[in-house]
**Q** 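So that we are looking at the same thing, I have put the structure below in structure tokens.
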Amino acid sequence: MVKEFYYPSLSRYDGKMPYRRCGKSGLLLPAISLGLWHNFGAVDTLENSMKKIHYAFDNGITHFDLANNYGPPYGSAEETFGMIMNKSLRPYRDEIIISTKAGHDMWDGPYGEWGSRKHLISSIDQSLKRMNLDYVDIFYSHRFDPNTPLEETLQALTDIVRSGKALYVGISKYPTEEANFAYNYLKENKTPCLIYQGKYNIFDREPSQDGILEGCENNGVGFIAFSPLAQGLLTNRYLNGIPEDSRIGRGGYLKKESLTEETLNKINQLNDLATQRGQSLAQMAIAWLLKDNRVTSVIVGASSVDQLSDNLNSLKNLDFSPEELEKINQICGV
């Protein structure tokens with residue numbers, strides 16, 4: 001059983017934020033973290049972004065997850081966060097965990113992506129400037145680079161910690177074999193991997209099927225799940241069609257082809273089960289992840305304070321009966 005610590009509520013959420021230990025480290029992360037992938041770049045107002053950050057912090061979300069190319073446009077999420085740091089969060093710097101990443105497409109030329117030492121060190125320097133920070137708490141290699149020696153990528157992470165630009169390092173979306181290599185290399189170099197970030201939700205079970213969660217557990221590494229709502233599919237957004245302001249309606253990463261008749265049927269059945277549990281589908285999807293003690297935290301995105309509040313209410317019921325879990329598996333064909 002994971003020992004959890006609690007944060008007293010200061011706002012509309014009337015529960016308590018559980019904190020889970022990240023692997024075998026000394027670091028505790030909130031069960032729910034706020035991801036700034038979308039809705040925090042130049043596409044949103046600074047006022048709305050600040051409201052969401054403040055609401056999150058007031059309700060025990062002490063971990064804010066970024067990457068160099070979050071926006072849109074690239075870099076703008078970090079810039080927005082940097083402005084909020086200067087306006088209001090600076091006095092609370094020691095109470096929050098800030099993570100960022102490098103590895104995906106960021107700037108022009110051959111050094112603007114992947115896992116070279118050149119890219120990673122240049123990127124952390126740029127990110128710190130955008131966020132007005134001296135260091136980040138967690139710096140990730142955002143994806144495995146098949147064309148760069150893995151030792152080079154991992155040594156760059158080690159050197160970034162030793163330079164004081166990051167307190168911990170993590171990896172994201174690495175294949176199982178390469179992840180295990182990374183754990184061993186970083187441990188031998190006395191900068192152990194703190195955390196693995198991977199896509200995980202009711203529809204996408206890959207981390208529990210390909211050995212990632214098992215590898216995290218065996219190596220004392222935390223696991224943090226992104227895309228817990230399958231880009232919005234695991235919500236009630238599409239029960240009655242495709243809203244114009246939805247991710248599918250706007251033509252974003254989630255495509256119309258993803259919403260097949262079979263998928264919609266699963267969504268309806270899962271929604272019925274969530275209703276029986278007294279939850280929204282989104283709340284049940286988040287709770288389903290947190291039922292597993294190997295999951296340190298779940299990253300949620302939010303376009304509004306109301307959406308974030310709904311996600312936080314998932315913490316009111318994290319328990320599932322064996323019958324409920326079996327029903328979810330049957331619906332998903334697992």
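FYI, side chains are in, hydrogens and waters are out, and symmetry mates aren't considered; it's all heavy atoms of this structure.
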**Q** Measure the shortest side-chain to side-chain distance between Leu133 and Arg93 over non-hydrogen atoms and say whether it is less than 4.5 angstrom.
**A** yes
**Q** Give the C-alpha distance, both sets of side-chain angles, the deciding distance and a yes or no for side chain to side chain donor-acceptor pair (under 3.5 Å) between Tyr174 and Ser141.
**A** CA-CA 9 Å; Tyr174 271 47; Ser141 170; 2.7 Å; yes
**Q** So do the side chains of Met284 and Leu270 get within less than 4.5 Å of each other, counting heavy atoms only?
**A** yes
**Q** Do Gln307 and Ser303 meet the criterion of a side-chain donor-acceptor pair at a distance under 3.5 Å?
**A** yes
**Q** Just to verify, what does Arg277 make a side-chain hydrogen bond (donor to acceptor under 3.5 Å, both in side chains) with, not counting sequence neighbours?
**A** Gln279, Glu324
**Q** Using 0.5 Å steps for rounding, measure from the OG1 atom of Thr260 to the CG atom of Asn265.
**A** 9.5 Å
**Q** Please give me the minimum heavy-atom distance between Val169 and Pro192, naming the atom from each residue.
**A** CG2-O, 4.2 Å
**Q** Can you find a pair of side-chain heavy atoms, one from Leu325 and one from Lys291, that are under 4.5 Å apart?
**A** yes
**Q** Is Gln269 reaching over with its side chain to a backbone N or O of Lys266, donor-acceptor style, under 3.5 angstrom?
**A** no
**Q** Can you tell me how far apart OG1 (Thr275) and CG (Leu281) are? Round to the nearest 0.5 Å.
**A** 8.5 Å
**Q** Can you tell me if His63 and Ser99 form a side-chain donor-acceptor pair at under 3.5 Å?
**A** yes
**Q** Hey, could you give me the OG/CD1 distance between Ser163 and Ile121, rounded to the nearest 0.5 Å?
**A** 7.5 Å
**Q** Answer with yes or no whether the hydrophobic clustering places Tyr74 together with Leu128; edges join I, L, V, M, F, W, Y residues whose side-chain heavy atoms lie under 4.5 Å apart.
**A** no
**Q** Hydrophobic clustering (ILVMFWY, side-chain heavy atoms < 4.5 Å, transitive) - are Trp288 and Val334 grouped together?
**A** no
**Q** Do NZ/NE/NH1/NH2 and the carboxylate oxygens of Lys327 and Asp272 come within less than 4.0 Å?
**A** no
**Q** Please confirm whether the backbone N or O of Leu34 pairs with a side-chain atom of Asp65, one donor and one acceptor, at under 3.5 Å?
**A** no
**Q** Tell me whether Thr296 contacts the main-chain N or O of Arg20 through its side chain, where contact means a donor paired with an acceptor under 3.5 Å.
**A** no
**Q** Using modelled atom types only, decide if a donor and an acceptor are shared between the side chain of Ser297 and the backbone of Pro30 within a distance under 3.5 Å.
**A** yes
**Q** Between the main-chain N or O of Asp310 and the side-chain N or O of Ser314, is there a donor-acceptor pair closer than 3.5 Å?
**A** no
**Q** Looking at residues at least two apart in the chain, or sitting in another chain, which of them share a salt bridge (charged side-chain N to carboxylate O under 4.0 Å, His left out) with Asp125?
**A** Lys165
**Q** Is a side-chain donor or acceptor of Asp292 paired with a backbone partner of Arg294 at a separation under 3.5 angstrom?
**A** yes
**Q** Heavy atoms, side chains only, cut-off 4.5 Å: are Leu315 and Met17 in contact?
**A** yes
**Q** By side-chain hydrogen bond (donor to acceptor under 3.5 Å, both in side chains), which residues pair with Ser304, not counting sequence neighbours?
**A** none
**Q** Please lay out, stage by stage, how Tyr200 and Ser208 fare under the test side chain to side chain contact (heavy atoms under 4.5 Å, CB included).
**A** CA-CA 8 Å; Tyr200 191 27; Ser208 63; 3.4 Å; yes
**Q** Going from CG on Asn329 to CD1 on Ile202, what distance comes out if it is rounded to the nearest 0.5 angstrom?
**A** 9.5 Å
**Q** Between Phe57 and Tyr92, what is the ring plane arrangement, given parallel below 30°, perpendicular above 60°, and tilted in between?
**A** tilted
**Q** Who else is in the cluster with Tyr135 when I, L, V, M, F, W and Y are joined by side-chain contacts under 4.5 Å?
**A** Leu27, Leu29, Ile97, Ile138, Tyr140, Leu167, Tyr168, Leu194, Ile195, Ile224, Phe226, Ile299
**Q** Show every donor-acceptor pair shorter than 3.5 Å between a side-chain atom in residues 111-119 and any protein atom, with sequence neighbours excluded, or say none if there are none.
**A**
residue: Glu113; atom: OE1; partner: Arg143; partner atom: NH2; Å: 2.7
residue: Ser116; atom: OG; partner: His119; partner atom: N; Å: 3.0
residue: Arg117; atom: NH1; partner: Asp159; partner atom: OD2; Å: 2.8
residue: Arg117; atom: NH2; partner: Asp159; partner atom: OD2; Å: 3.1
residue: His119; atom: ND1; partner: Tyr111; partner atom: O; Å: 3.0
residue: His119; atom: ND1; partner: Glu113; partner atom: N; Å: 3.3
residue: His119; atom: NE2; partner: Gly103; partner atom: N; Å: 3.3

**Q** Would you list the atom pairs, donor with acceptor, under 3.5 Å between side chains in residues 80-91 and any protein atom, with sequence neighbours excluded?
**A**
residue: Thr80; atom: OG1; partner: Phe40; partner atom: O; Å: 2.9
residue: Thr80; atom: OG1; partner: Ser76; partner atom: O; Å: 3.0
residue: Asn86; atom: OD1; partner: Arg90; partner atom: NH2; Å: 2.5
residue: Ser88; atom: OG; partner: His54; partner atom: NE2; Å: 2.7
residue: Ser88; atom: OG; partner: Ile84; partner atom: O; Å: 3.3
residue: Arg90; atom: NH1; partner: Asn132; partner atom: O; Å: 2.9
residue: Arg90; atom: NH2; partner: Asn132; partner atom: O; Å: 3.0

**Q** Have Lys51 and Asn48 got a donor and an acceptor in their side chains that come within less than 3.5 Å?
**A** no
**Q** With heavy-atom distances below 4.5 Å as the criterion, would you say the side chains of Glu177 and Asn180 are in contact?
**A** no
**Q** Just how far is it from atom CG of Leu259 to atom OH of Tyr238, taken to the nearest 0.5 Å?
**A** 7.5 Å
**Q** Scan side-chain atoms only and decide if Tyr70 and Lys101 contain a donor-acceptor pair under the 3.5 Å cut-off.
**A** yes
**Q** Check whether more than 12 heavy atoms from other residues, nucleotides or ligands sit under 6.0 Å from atom CD of Gln330, and answer yes or no.
**A** yes
**Q** Can you list everything that forms a side-chain hydrogen bond (donor to acceptor under 3.5 Å, both in side chains) with Asn271? Sequence neighbours excluded, please.
**A** none
**Q** Nearest 0.5 Å please: distance from the OG atom of Ser123 over to the CG atom of Asn68.
**A** 3.5 Å
**Q** Measuring only between side-chain heavy atoms, which start at C-beta, is Glu95 closer than 4.5 Å to Thr62?
**A** no
**Q** Give a yes or no on whether Leu229 and Leu239 share a hydrophobic cluster (residues Ile, Leu, Val, Met, Phe, Trp, Tyr; joining criterion: side-chain heavy atoms under 4.5 Å apart).
**A** yes
**Q** Is there side-chain contact between Ile286 and Val300, with at least one heavy-atom pair below 4.5 Å?
**A** yes
**Q** So if you build clusters from Ile, Leu, Val, Met, Phe, Trp, Tyr with side-chain heavy-atom gaps below 4.5 Å, do Ile328 and Leu264 land together?
**A** yes
**Q** Tell me, which pairs form a salt bridge (charged side-chain N to carboxylate O under 4.0 Å, His left out) where one or both residues lie in residues 183-207, sequence neighbours left out?
**A** none
**Q** Using side-chain hydrogen bond (donor to acceptor under 3.5 Å, both in side chains) as the criterion, list what pairs up with Thr153, not counting sequence neighbours.
**A** none
**Q** Applying a strict under-4.5 Å side-chain criterion to I, L, V, M, F, W and Y, I'd like to know whether Leu46 and Leu66 cluster together.
**A** yes
**Q** Determine which pairs satisfy salt bridge (charged side-chain N to carboxylate O under 4.0 Å, His left out) with at least one residue from residues 72-84, sequence neighbours left out, and list them in order.
**A** Glu78-Arg130
**Q** Could you pull out all residues at least two apart from Tyr183 that satisfy ring-ring contact (aromatic ring centres under 6.0 Å, His included)?
**A** none
**Q** Within the distance-only criterion (no hydrogens, no angle test), does the side chain of Lys52 pair as donor or acceptor with the backbone N or O of Ser49 below 3.5 angstrom?
**A** no
**Q** Less than 4.5 Å apart, side chain to side chain, heavy atoms only: is that true for Trp107 and Ser122?
**A** yes
**Q** Would you say the side-chain atoms of Asn69 pair up with the backbone N or O of Met106, donor to acceptor, closer than 3.5 Å?
**A** no
**Q** For the pair Asn189 (side chain) and Thr191 (backbone), establish whether a donor and an acceptor sit closer than 3.5 Å, ignoring hydrogens and angles.
**A** no
**Q** According to the salt bridge (charged side-chain N to carboxylate O under 4.0 Å, His left out) rule, which pairs have a member within residues 208-233, sequence neighbours left out?
**A** none
